[in-house]
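Down below is the structure, laid out as structure tokens.
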Amino acid sequence: MDIFADIRKIVVGGLTEIARPDALRFDPDRISIERPRDPSHGEIATNAAIMAAKSMNRKPRDLAERVAEALLLDDRIDRAETAGPGFINLTLKREAWMAVIPSILASGANYGRSYMGSGRRVCVEFVSANPTGPLHVGHARGAIFGDALSRLLEFAGYCVTREYYVNDGGAQVDTLARSAHLRYLEANGKAVEFDPNAYKGEYLAELGRTLADEHGDRFVDAPESDWIDLFREASIVAMMALIRRDLASLGIVMDEYFSEKSLYGSGRIEEAIETLRERNLVYEGVLEQPKGKIVEDWEPRRQTLFRSTANGDDVDRPIRKSDGSWTYFAPDIAYHYDKVRRGFDELINVFGSDHSGYTKRMRAAVSALSDGGMAFDIKLIQLVRVMEDGRVAKMSKRAGEFVELREALEAVGSDVARFVMLTRKNDAPLDFDFAAVKEKSKDNPVFYVQYAHARICSVLRKAEREGIDVSDQSLASADLSYLNHALEVEFVRRMAEWPRMVEAAANSHEPHRIAYYLQNLASDLHGLWAKGNETASLRFLQRGEIATSMAKLALIRCAAIAIANGLDILGVTPIQEMRS
RNA sequence: GGCCCCGUAGCUCAGCAGGAUAGAGCGACCGCCUCCUAAGCGGUAGGCCACAGGUUCGAAUCCUGUCGGGGCCGCCA
């Protein structure tokens, strides 16, 4: 049940009725159905008359009057008043709000689930970190965001594929292989010198020892060509194992790992480029030197270029280097061509914000490959600033000085990490402060929300001990006429917003909205709870008055359901009690 | 030089596909536990929504420009 969706139907219905015979000529989705800030504007306000007036060539206020009259015919609506330039302010009957409670109890874990996506297939590509080491805290944000977005979309009725693009084809994995070889030499008792480009993380030392165990000293004096392939393969396998382990510790399971390397030599890159060529989007040419940026060894080079400017990019982009090999962009094009051909209805890429300069050409490519038919969204994830002991921790992967995800999770746990990473919009920077995040107080949003859930569970447990049947089925039959305090009705209104909140968040690809909603919901619960300290009639358990208690228990049980469903979207486990 | 993101309370940030008097947390100040978990709650103070135009019945939100912060800009991914 979604009361806002119901009201929308009624409003649009009323409008259509009045509009006859000159049928309604505007998009009904453009009208707003929302809760006004100012309580004197009713409980739900709509701008429907203002929006429709123009296309119907009527005065907004007159139209509003007519619509308001029509709305009053619905038995859920108590008052419909027109105001301002033509708003219609609605007040619902108390029973209409209260009807939300049994509806939530009946839906349970499905409360808020939407059919908005109607089964459309979405590919969410995220993490896609180079396989050169374990994940660090910065990667974690993209990982958590991507997974939460996936969960959100699933809850909203989409069919989601979680996908990781493994960059196992470029020069970086050769550097990785050489770094592993150095560690291998080390394990064979050789003194080694690391060049500045090498990866120096401890995790490669372990791999070096393993390789020394397996191959002895065979590759100590051998030329690089003898071992590079073997070491590359071994390194990638080992690094991907670390990455999978890290993802698993966050509760993330990918549906697909797509290997960049698998594209080489298979003809698929050539095929994708050929597709672009057929559309006259590929040519041989020379790029101009970028202005304002000094490139020391610049000289004009003839390259194969993608005409990305035809689809909104600022300059055309090279897909084949002057030496004839592919640039990194070429396999990316092939990869996205593959996505297009797999039949997804929508693509979402989660990139680090350092890839912002890459988005235009990517959009241009997808647009060209799908003839403009593919919905394609790129979410940029801002960096995470890790704060430790009040200072900013440095992050450099090659030097091996970064806060590994694993360390962070050992300190704070997956639930906390996930929630905290989702308390900011994806394109806003985020401070991850170890001290603040571990704190168990209202200053920590994770515990604040968890505490609300635990408190409800606590009351339900107590009620049960006192012999009340607190099953959802039993609570659904509670006499809700006992809930007549303004705060209680307000609480129900908040919970009634959950389904539209899910749709709005899913629609805008913004899981942080769920986190904010949960904090508000938790705040309502704590507020109501504390009011019970001064006003005895607001306490959830009323001694000796089963019927009253049942009504209040039904109310808070609904809140627990909404919180649990929200946390589930974020991938956070709701806890039953705080004491430990 | 160009492109992308950002600019909202002292600090950190929300602001719901433009809506009617701009919100939360922290920090500051003042209050609330013989009572379901005070790991909590209430109140006070604090804003020309960077600036200037434009579109609109209506703009923090959309468009243009300026200023300020960050990121990126051929043969690295």
Side-chain angles (χ1 to χ4, degrees), chain A residues 29-30 32 34-38 40-41 45 47 50 53-54 60 83-87 89 128 130 167 169-173 260 286-293 295 297-301 303 305 313-315 317-318 320-323 325 327-329 331-332 352-360 380 382-383 423-425 427-431 436 439-445 447-448 450-452 454-456 458-463 497 500-501 504-505 507-508 510 512-513 516-517 519-520 523 526-534 536 539-543 549 552 556 577-579:
Chain A
D29 287 345
R30 299 219 336 153
S32 69
E34 58 190 12
R35 297 192 52 200
R37 302 186 221 293
D38 186 339
S40 73
H41 295 150
N47 63 357
I50 305 174
K54 191 178 282 181
F87 288 106
N89 296 328
S128 298
N130 292 331
N167 288 111
Q172 289 195 38
V173 285
E260 175 196 358
V286 178
L287 285 178
E288 283 178 31
Q289 178 164 13
K291 294 186 175 100
K293 187 205 168 207
V295 182
D297 57 345
W298 173 270
E299 54 183 271
R301 289 279 166 81
Q303 303 168 109
L305 300 169
D313 202 357
D314 310 301
V315 289
R317 306 290 178 175
R320 202 192 273 278
K321 303 175 198 170
S322 52
D323 68 1
S325 63
T327 65
Y328 56 89
F329 188 33
D332 266 4
S353 62
D354 53 337
H355 285 61
S356 64
Y358 199 51
T359 58
K360 278 198 176 184
L380 295 176
Q382 268 287 351
L383 294 180
T423 52
R424 287 286 105 97
K425 203 163 46 178
D427 53 12
L430 171 86
D431 284 348
E439 198 171 316
K440 299 190 172 186
S441 76
K442 66 187 166 69
D443 304 346
N444 181 343
F447 280 88
Y448 188 75
Q450 291 280 32
Y451 184 36
R455 271 184 150 173
I456 295 168
S458 167
V459 178
L460 291 169
R461 280 194 300 271
K462 177 160 181 168
E497 283 185 278
R500 74 195 293 262
M501 192 57 61
N507 210 16
S508 56
E510 289 181 342
H512 77 276
R513 291 190 192 185
Y516 275 89
Y517 174 81
Q519 291 182 65
N520 287 329
S523 173
H526 290 309
L528 196 53
W529 181 294
K531 270 281 185 293
N533 288 335
E534 46 194 74
R539 289 184 204 149
F540 305 133
L541 285 177
Q542 299 290 323
R543 208 169 296 276
S549 298
K552 291 170 184 295
I556 60 170
E577 58 182 326
M578 300 302 277
R579 309 182 208 278

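We name chains A, B, ... by the order of the sequence lines, and we start the count at 1 in each one.
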RNA chain B: 5'-proximal contact among A:A171 and A:R317 (nearest heavy atom):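 Looking at RNA chain B, the more 5' nearest nucleotide goes with A:R317.
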A:D314 vs A:Y451, nearer the 5' end of RNA chain B by closest nucleotide: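 Here A:D314 is the residue nearer the 5' end.
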In whole angstroms, how far is the [atom2] atom of [N] from the [atom1] atom of [X]?
| X | N | atom1 | atom2 | answer |
| --- | --- | --- | --- | --- |
| A:F540 | B:C35 | CZ | C1' | 13 Å |
| A:D313 | B:C73 | CG | C1' | 11 Å |
| A:R543 | B:C35 | CZ | C1' | 9 Å |
| A:N444 | B:A38 | CG | C1' | 17 Å |
| A:H355 | B:C73 | NE2 | P | 10 Å |
| A:L541 | B:C35 | CG | C1' | 12 Å |
| A:R539 | B:C41 | CZ | P | 17 Å |
| A:Y358 | B:C72 | OH | C1' | 13 Å |

side-chain hydrogen bond (donor to acceptor under 3.5 Å, both in side chains) partners for A:N89, two or more places apart: none
Partner set under side-chain hydrogen bond (donor to acceptor under 3.5 Å, both in side chains) for A:S32, not counting sequence neighbours: A:N47
[atom1] spacing across the pair [N] / [M], given as an integer number of angstrom:
| N | M | atom1 | result |
| --- | --- | --- | --- |
| B:C49 | B:C62 | C1' | 16 Å |
| B:C4 | B:C41 | P | 43 Å |
| B:C16 | B:G69 | C1' | 27 Å |
| B:A22 | B:U8 | C1' | 8 Å |
| B:G46 | B:C30 | C1' | 16 Å |
| B:A38 | B:A17 | P | 37 Å |
| B:A52 | B:A59 | C1' | 15 Å |
| B:C67 | B:G53 | C1' | 15 Å |

Base, sugar-phosphate, or nothing for [X], non-hydrogen atoms under 4.0 angstrom?
| X | answer |
| --- | --- |
| A:E534 | nothing |
| A:S353 | sugar-phosphate |
| A:D323 | nothing |
| A:Q542 | nothing |

If you check the [X] side chain, which of [options] turns out closest?
| X | options | result |
| --- | --- | --- |
| A:Y448 | B:U37, B:C76, B:C41 | B:C41 |
| A:L380 | B:C4, B:U37, B:C3 | B:C4 |
| A:P318 | B:A77, B:C36, B:G74 | B:G74 |

Donor-acceptor pair between A:N167 and A:Y328 side chains, under 3.5 angstrom: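 Short answer, no.
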Distance-only polar pair, side chains of A:D427 and A:Q382, donor-acceptor under 3.5 Å: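 Distance-only check fails for A:D427 and A:Q382.
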Under 4.0 Å protein heavy-atom contact, by nucleotide of nucleotides 10-23 of chain B - B base, S sugar-phosphate only: --SSSSBB-BBBSS
Residue-phosphate contact under 4.0 Å: [X] side-chain N/O, [N] OP1/OP2:
| X | N | result |
| --- | --- | --- |
| A:W529 | B:C35 | no |
| A:R461 | B:U37 | no |
| A:K321 | B:G74 | no |

Minimum side-chain heavy-atom gap A:Q303-A:L287 below 4.5 Å: yes
A:T327 side chain to A:K321 backbone, donor-acceptor under 3.5 Å: no
Main-chain N/O of A:A505 paired with A:H512 side-chain donor or acceptor, under 3.5 Å: no
Ion pair check, A:K425 and A:E510, cut-off under 4.0 Å: no
Ion pair check, A:E34 and A:R500, cut-off under 4.0 Å: no
Holding to salt bridge (Lys or Arg N to Asp or Glu O under 4.0 Å), I want the full list of residues that pass it with [X], two or more places apart in sequence or in another chain.
| X | value |
| --- | --- |
| A:E299 | A:R301 |
| A:R455 | none |
| A:R37 | none |

Can you name the residues that form a ring pair (Phe, Tyr, Trp, His ring centres under 6.0 Å) with [X], not counting sequence neighbours?
| X | result |
| --- | --- |
| A:F447 | none |
| A:H41 | none |
| A:F87 | none |

Kindly give the atom pairs (protein nitrogen or oxygen, nucleotide nitrogen or oxygen) under 3.5 Å for nucleotides 62-70 of chain B.
none

Strand RNA chain B as a dot-bracket string - pairs counted if Watson-Crick or G-U with both distances under 3.5 Å, | where the partner lies in another strand: (((((((..((((.....[...)))).(((((.......))))).....(((((..]....))))))))))))....
Where A:A504 and A:S508 come nearest, the two heavy atoms and their spacing: O-OG, 2.8 Å
Syn/anti state for B:C33 [syn: chi within 90° of 0]: syn
Glycosidic class, syn or anti, of B:A17 using a 90° window around 0: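 Judged by the O4'-C1' to base torsion, B:A17 sits in syn, the angle falling within 90° of 0.
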Each nucleotide N or O in nucleotides 24-29 of chain B that has a protein N or O under 3.5 Å away: list the pair and distance.
unit_1 : atom_1 : unit_2 : atom_2 : d
B:C26  : OP1    : A:K442 : NZ     : 2.6
B:C26  : OP1    : A:D443 : OD1    : 3.3

Whether A:F540 and A:W529 hold their rings parallel, tilted or perpendicular, with breakpoints at 30° and 60°: perpendicular
